[in-house]
Amino acid sequence: MPMGIFRVCLVVITAIVNHPLLFPKENGTVLENTEEIIQKMKEREEILRLEKLRLEQEIEGQEAAQKVLEKAAKVVEDVKEEKVQWDMWTALSMVIFLLIELWRQDFQEGNWQDTGADEDDMAVLGKAFKGVAFPDKAVLASFYEKRILGTTGDMARMREMVEGFADDLLEALRSVCNRDADMEVEDCMGVGSMYENWRVRKPFVCDLIVPFAPPEPYCFRSQIWCSGDSFPPDEQGYGTIKVCRADEDETGCICDKTKLGEDMLCLLHSQGNTTRLSSEMEDLLCFKNTQYLDADQVMKWFQIAVTKAWNKISHKYEFDLSFSLLDSPGALKIKFRSGKSIAFNLTPVVQYENSDVYFISHFPRNCLAADLPSSTHWFLTFAVYERRFIQMISKMLPANACHVSCLQILSFLHGKQCSLTGPSGLTNYHLKTVLLHLLQTRPSQDWAPEKLEARLQDMLKFLEKCLHEKKLYHFFIGNGKVPAELGFPIIFQRAEPLNLFRPFVLHRDVYRKTIDTFHEMLRNTSALISEYMVHIPHVQTNGIHKESV
């Protein structure tokens with residue numbers, strides 16, 4: 001019973017508490033607040049979603065930017081690494097190049113011009129001789145006797161006639177020149193193939209050089225490419241000549257020898273004296289506004305002086321004298337009334353110090369030098385020493401040695417081939433240089449007359465080797481083995497060797513033409529010689545009988 005009453009009371013109390021009218025205001029807002037909360041939660045969720053998207057985009061952008069920066073840093077690092085590697089290889093290459101250059105110079109001192117004396121090497125290098133029928137010594141001896149030996153007498157008579165006339169012409173030149181203002185001309189000297197007895201092709205042309213010096217109180221001061229100052233490669237073998245007063249120092253002014261006071265003025269360097277000095281230098285054949293001797297001005301002066309001299313003595317001779325070639329200023333021609341003529345070259349030169357090396361203004365046509373870098377650059381000629389060397393060596397060789405015969409035959413073959421196929425880059429001076437190298441390296445007994453064929457083949461093979469390497473050194477420049485008896489200046493012996501075949505490196509078309517002409521000459525050797533042969537004599541087959549040079 002009491003439990004029943006308790007349950008009834010609990011139901012009543014619960015009903016009263018949960019009746020809608022008991023708390024109408026509070027119970028009526030519960031639903032509205034819930035919907036508002038839900039709406040706000042949705043809005044907040046949307047805001048958070050957008051914020052999330054924005055943050056994701058920012059993160060992606062930062063990650064992309066970071067990747068770009070890392071990639072750029074990597075590229076920069078790779079470039080730096082490559083640059084370091086390149087710098088390392090460049091430095092290493094320079095070191096290797098310097099070591100090679102030092103080794104080359106040391107090697108050149110010991111093996112200045114490799115003449116290929118080893119027979120095995122000569123056999124390997126003589127590739128152009130394969131399949132070539134080279135004339136034997138009997139044919140060569142007969143050819144020399146019939147075609148070349150007979151010209152020796154003609155050369156001697158021509159030399160005597162030209163030298164006598166040149167002496168008379170230069171004496172007249174001295175008489176028409178002003179001794180106080182014009183250059184002083186010395187006696188002429190014969191050089192080249194006509195005076196070394198190996199000229200074979202006509203017309204015979206005598207080469208004469210004429211040393212000259214400035215009037216007092218002036219003097220020449222020369223500077224050569226190997227004197228210590230740097231010269232570009234295209235000026236190797238050249239020098240300049242400065243005209244100075246005898247009392248000047250090397251800078252050209254005596255004011256450097258003493259201290260001038262503040263109230264004293266150097267007359268040479270004064271503004272009012274500049275015009276007079278410039279005119280004075282031009283009168284001394286210098287290049288405009290310089291003190292350097294101008295080769296073109298020298299040749300113009302020399303041509304005018306020769307013309308005046310000839311006008312003075314022309315009545316004594318029954319022939320005419322004229323300048324024969326426009327591109328060779330010193331080329332003269334004697335024309336007889338009979339129609340015959342004699343050509344010779346008369347070229348002014350300047351002596352280098354107290355030696356027999358000379359600065360030459362112009363080379364005769366088809367000779368060694370190419371165009372000069374400028375008219376103030378003079379090429380050096382060693383022709384006097386070359387002639388002396390050949391004469392000295394000839395005295396040490398067996399009687400009737402074949403060295404000159406080899407050069408004559410080779411010069412004839414090359415000249416004949418050039419007349420058929422056109423000129424090449426080879427000159428007679430190159431051929432003579434080949435002979436000079438072999439004369440220095442071959443024992444004297446190897447030049448016996450019966451060894452003509454072997455020595456001629458040696459010259460051809462050595463020439464082939466030089467053409468293949470594009471390297472033929474000047475015989476005297478850089479040659480430390482020049483005999484002391486010649487009195488050759490030591491400065492040229494210590495100089496770096498001068499490559500006469502350097503133009504072949506620069507001009508590939510000339511080189512190709514030269515190689516083709518050389519190979520064609522080898523193939524045509526027998527035909528060129530047989531053209532002048534009627535029969536082969538059965539006597540004198542052991543050599544060539546002629547007078548030694």
Side-chain angles (χ1 to χ4, degrees), residues 105-118 189-198 207 209 211 224-227 236-237 239 349 351-360 368 379-408 410 428-449 451 455 458-459 462-463 466 471-500 546-549:
Q105 293 181 0
D106 293 339
F107 180 78
Q108 287 174 348
E109 291 179 0
N111 300 276
W112 168 62
Q113 174 81 55
D114 183 11
T115 56
D118 191 344
M189 294 180 289
V191 296
S193 58
M194 284 288 290
Y195 293 88
E196 295 163 354
N197 292 326
W198 58 270
D207 293 313
I209 58 175
I224 56 177
W225 86 100
C226 56
S227 60
Q236 301 296 314
V349 296
Q351 184 181 21
Y352 172 71
E353 296 183 352
N354 294 321
S355 69
D356 284 319
V357 177
Y358 292 92
F359 295 93
I360 188 166
L368 170 66
F379 200 84
L380 280 90
T381 174
F382 302 84
V384 175
Y385 287 107
E386 291 164 1
R387 179 183 177 183
R388 289 180 184 172
F389 178 79
I390 293 177
Q391 291 175 339
M392 183 185 70
I393 291 295
S394 298
K395 297 177 181 179
M396 304 177 184
L397 300 180
N400 300 318
C402 65
H403 60 301
V404 175
S405 306
C406 289
L407 182 56
Q408 288 177 310
L410 183 54
N428 281 336
Y429 189 82
H430 294 140
L431 304 182
K432 183 174 76 169
T433 302
V434 169
L435 175 65
L436 295 178
H437 283 299
L438 291 177
L439 282 174
Q440 188 178 49
T441 56
R442 281 282 182 182
S444 59
Q445 62 270 19
D446 285 356
W447 298 98
K451 297 185 178 181
R455 297 294 78 78
D458 285 348
M459 289 185 65
F462 177 55
L463 182 57
C466 294
K471 183 179 67 176
L472 174 62
Y473 288 144
H474 192 285
F475 178 72
F476 283 104
I477 300 176
N479 185 359
K481 299 180 180 179
V482 175
E485 297 84 346
L486 292 179
F488 188 68
I490 193 67
I491 187 174
F492 297 108
Q493 293 182 261
R494 294 176 177 174
E496 184 177 354
L498 179 64
N499 184 13
L500 301 181
K546 60 180 179 58
E547 295 182 359
S548 299
V549 178

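- Annotation: the span from Met459 atom CE to His403 atom NE2 amounts to 11.0 Å, rounded to 0.5 Å.
- For the pair Leu380/Ile360, no side-chain contact is recorded, criterion being any heavy-atom separation below 4.5 Å from C-beta on.
- Contact record, Leu472 with Cys466: CD1-SG, 3.8 Å, taken as the closest heavy-atom pair.
- Counting all heavy atoms, side chain and backbone alike, Asn499 lies closest to Lys471 at OD1-CA, 3.3 Å.
- For the residue pair His474/Thr433, the side-chain donor-acceptor check at 3.5 Å is not satisfied.
- Note that SG of Cys406 and CG of Leu431 are 12.0 Å apart. Values are rounded to the nearest 0.5 Å.
- Heavy atoms only, all atoms of each residue included: Pro489 and Tyr385 are closest at CD-OH, 3.7 Å.
- Residues Val482 and Phe389 fail the side-chain proximity criterion, which asks for heavy atoms closer than 4.5 Å.
- The shortest heavy-atom contact between Ala399 and Pro449 is O-CD, 3.6 Å.
- Side chain of Arg455 to main chain of Asp446: a donor-acceptor pair is present (N/O by atom type, distance under 3.5 Å, no hydrogens or angles).
- Taking the six-membered ring where the residue is Trp, the centroids of Phe488 and Phe382 are separated by under 6.0 Å.
- Side-chain atoms of Phe359 and Thr381, non-hydrogen and from C-beta on, never get closer than 4.5 Å to each other.
- Residues Gln493 and Asn479 fail the side-chain proximity criterion, which asks for heavy atoms closer than 4.5 Å.
- For Trp225 and Gln236, the side-chain atoms include at least one donor-acceptor pair closer than 3.5 Å.
- Rounded to the nearest 0.5 Å, atoms CZ (Arg388) and CG (Leu486) are 7.5 Å apart.
- No side-chain N or O of Asp356 forms a donor-acceptor pair with one of Gln351 less than 3.5 Å apart.
- Under the 6.0 Å cut-off for aromatic ring centres, Phe492 and Tyr352 qualify, their centroids lying closer than that.
- No side-chain heavy atom of Leu435 sits under 4.5 Å from any side-chain heavy atom of Leu410.
- Looking only at distances, no side-chain donor or acceptor of Tyr473 sits under 3.5 Å from a matching main-chain atom of Leu500.
- Counting heavy atoms from C-beta outward, Glu496 and Ile477 have side chains that stay 4.5 Å or more apart.
- The closest donor-acceptor contact from the side chain of Gln440 to the backbone of Lys481 lies under 3.5 Å.
- Using a 4.5 Å heavy-atom cutoff, the side chains of Asn428 and Ser193 are not in contact.
- Using modelled atom types, one side-chain atom of Arg387 and one backbone atom of Gly190 make a donor-acceptor pair closer than 3.5 Å.
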Open item on the list: The test is side chain to side chain contact (heavy atoms under 4.5 Å, CB included); show your working for Ile490 and Arg494 and say whether it passes.
Closed with: CA-CA 6 Å; Ile490 193 67; Arg494 294 176 177 174; 3.5 Å; yes
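- A salt bridge between Lys432 and Glu196 is present, with a side-chain N of the basic residue lying under 4.0 Å from a carboxylate O of the acidic one.
- Minimum interatomic distance between Ala383 and Val191 (heavy atoms only, all atoms of both residues): CB-CB, 3.7 Å.
- When all heavy atoms of Asp207 and Tyr195 are compared, the pair lying nearest together is O-CE1, 3.8 Å.
- Between the SG atom in Cys402 and the CG atom in Leu407 there is a gap of 11.5 Å [rounded to 0.5 Å].
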